[in-house]
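Have a look at the structure below, then the notes.
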Amino acid sequence: MAHLMAFSTPYTALEAYIDIPFNLWLSIILILTYGCAIRNRGLLLLVVLGISATIAVFDKTSTASEMIKIMCELPLGLGSVLAFLVARRSFQTRFLSAFTTYINFAVYGNIGMMVGTPADGTLRGMCSKVTCAALFIWIVQQGHRAGWKTIVLHDDLFVFTAVSKSWIFTHAIYRFVLLTLPCFGSGRRHRLLELYSLTLTFALSSSSTLPFEYCFGMADTLVVPAAAGWSAIATTFNLIPRDAINSDLLSNRIGTDADALLSAVSLAVAIFACFKIASAPRRKATRG
């Protein structure tokens with residue numbers, strides 16, 4: 001009995017910050033997703049379309065904006081990438097320019113629109129807007145230096161080349177802070193999102209021998225829709241209790257000291273991004 005009580009104490013403390021059942025299942029889902037992405041992208045495409053249809057028909061809990069976001073991430077995001085990957089090489093070559101334009105619009109648009117994330121009266125929320133703007137300018141600069149030719153054909157993966165390692169890691173810090181904002185609820189379901197994304201990037205890079213930064217686009221395109229889809233399915237069918245925005249969990253009560261600390265971290269990312277923008281060489285390059 002004493003052993004059980006000793007185990008339950010750290011579990012309860014961790015549960016205040018991370019939705020453990022949700023993330024355990026999400027880890028399994030991501031492992032299966034990774035396997036399908038490497039070996040059977042056609043099957044993964046069918047699963048994505050099936051889950052998207054299920055959410056569209058049965059999800060009565062998501063708001064209109066949440067539903068639009070899920071559809072953009074699942075069928076229009078991951079689904080379109082998988083559909084392009086399973087197409088014949090002749091089709092890919094013929095429509096590479098159009099697909100690149102579509103991806104550029106989605107990538108830059110998604111990052112830029114996050115500037116509008118509600119600050120909800122928090123200092124870190126206001127600082128995140130500044131950081132988002134800096135990261136947006138930085139990645140657009142990298143795309144411009146690549147002549148907007150950001151996609152290269154690959155037999156197995158979606159390869160987005162106009163992003164550097166330093167941008168990837170600073171973006172991870174920014175998004176970690178962003179997800180602590182009240183508009184994202186307690187954030188317990190998505191607290192490990194950056195860990196999943198970076199781990200999957202490393203796994204894809206190792207299995208394909210491509211540079212780490214070239215695999216981030218594919219990894220994030222797998223992780224974010226998987227997390228959003230699983231969250232919608234788990235809530236719709238009451239598999240795991242909904243992580244409410246007005247949760248009274250400790251993780252949802254960030255005090256002024258923590259707010260100031262996270263704001264400083266966010267501003268440090270913004271300053272670093274501005275430094276990279278200003279110091280970028282004029283010659284074409286994507287790494288740094």
Side-chain angles (χ1 to χ4, degrees), residues 13-20 22-24 26-27 29-30 66 69 73 107 110-139 163-204 212-213 215-228 230-231 243 245 247 249-276:
L14 186 61
E15 179 73 8
Y17 293 93
I18 299 172
D19 189 332
I20 296 177
F22 177 87
N23 279 276
L24 284 175
L26 179 57
S27 298
I29 290 169
L30 289 174
E66 289 173 339
K69 183 178 179 181
E73 290 174 344
V107 170
N110 181 63
I111 296 170
M113 69 185 295
M114 296 309 292
V115 174
T117 302
D120 290 320
T122 64
L123 180 59
R124 68 186 184 281
M126 296 303 298
C127 293
S128 291
K129 292 179 181 292
V130 176
T131 305
C132 181
L135 288 172
F136 174 71
I137 295 171
W138 185 11
I139 195 172
V163 64
S164 61
K165 282 184 181 178
S166 50
W167 189 93
I168 292 169
F169 285 105
T170 49
H171 175 263
I173 298 171
Y174 152 75
R175 194 161 61 179
F176 177 82
V177 174
L178 185 74
L179 291 175
T180 67
L181 293 177
C183 63
F184 293 103
S186 70
R188 294 167 59 248
R189 287 188 171 183
H190 305 297
R191 195 78 70 199
L192 302 179
L193 191 67
E194 306 313 317
L195 176 62
Y196 294 139
S197 185
L198 294 175
T199 300
L200 194 55
T201 302
F202 178 78
L204 290 172
F212 178 88
E213 59 269 33
C215 297
F216 174 72
M218 181 72 177
D220 215 49
T221 302
L222 291 171
V223 170
V224 174
W230 167 228
S231 182
D243 201 18
I245 290 180
S247 171
L249 288 168
L250 175 64
S251 58
N252 205 36
R253 300 198 300 270
I254 295 180
T256 54
D257 290 343
D259 185 35
L261 176 61
L262 292 172
S263 300
V265 171
S266 186
L267 286 180
V269 170
I271 293 170
F272 178 78
C274 291
F275 169 77
K276 297 295 288 187

If we only count heavy atoms from C-beta on, is the R191 to T180 side-chain gap below 4.5 Å? yes

Roughly how far apart are I271 CD1 and T131 OG1, rounded to 0.5 Å? 9.0 Å

Return the set of residues passing ring-ring contact (aromatic ring centres under 6.0 Å, His included) with F275 (not counting sequence neighbours), or none when no residue passes. none

Residue pairs, two or more places apart or on separate chains, that pass side-chain hydrogen bond (donor to acceptor under 3.5 Å, both in side chains) and touch residues 170-179: R175-E194, R175-D220

Heavy atoms only: give me the nearest V130-A270 pair and the separation to one decimal. CG1-CB, 4.3 Å

Under 3.5 Å, is there a donor-acceptor pair between the side chain of S263 and the main chain of C127? no

Search all heavy atoms of S197 against all heavy atoms of A219 and return the closest pair with its distance. O-CB, 3.7 Å

Could you pull out the closest heavy-atom pair between F22 and S231, with the gap in Å? CE1-CA, 3.5 Å

About how many Å separate CD1 of I20 and CG of L26, when rounded to the nearest 0.5 Å? 13.5 Å

Exercise: identify the closest heavy-atom pair between L30 and L222: CD2-O, 4.4 Å

Check whether any side-chain heavy atom of L198 sits under 4.5 Å from a side-chain heavy atom of I168, and report yes or no. yes

Answer yes or no: is there a donor N or O on one side and an acceptor on the other, between the side chain of R189 and the main chain of D19, under 3.5 Å? no

Is K129 atom NZ crowded by more than 12 heavy atoms from other residues, nucleotides or ligands, each under 6.0 Å away? yes

Any salt bridge (Lys or Arg N to Asp or Glu O under 4.0 Å) involving residues 115-128? Give me the pairs, sequence neighbours left out, ordered by first then second residue. R124-D259

Taking all non-hydrogen atoms of both residues, which atom of E73 and which atom of P225 are closest, and how far apart? O-CG, 3.3 Å

Can you tell me how far the CZ atom of F212 sits from the OG1 atom of T201, to the nearest 0.5 Å? 5.0 Å

Using a 4.5 Å cut-off on heavy atoms from C-beta on, say whether the side chain of F136 contacts that of V115. no

Which pair of heavy atoms, one from L178 and one from S128, lies closest together, and at what distance? CD1-CB, 4.1 Å

S164 side, atom OG; F216 side, atom CZ - distance, nearest 0.5 Å: 10.5 Å

Measuring only between side-chain heavy atoms, which start at C-beta, is L192 closer than 4.5 Å to Y17? no

More than 12 heavy atoms of other groups within 6.0 Å of M126 CE: no

Main-chain N/O of A119 paired with T122 side-chain donor or acceptor, under 3.5 Å: yes

F272, CZ: over 12 other non-hydrogen atoms inside 6.0 angstrom: yes

Approximate separation, where rounding is to 0.5 Å, of L179 CG and F184 CZ: 5.5 Å

From N23 CG over to L193 CG, what is the distance, rounded to the nearest 0.5 angstrom? 9.5 Å

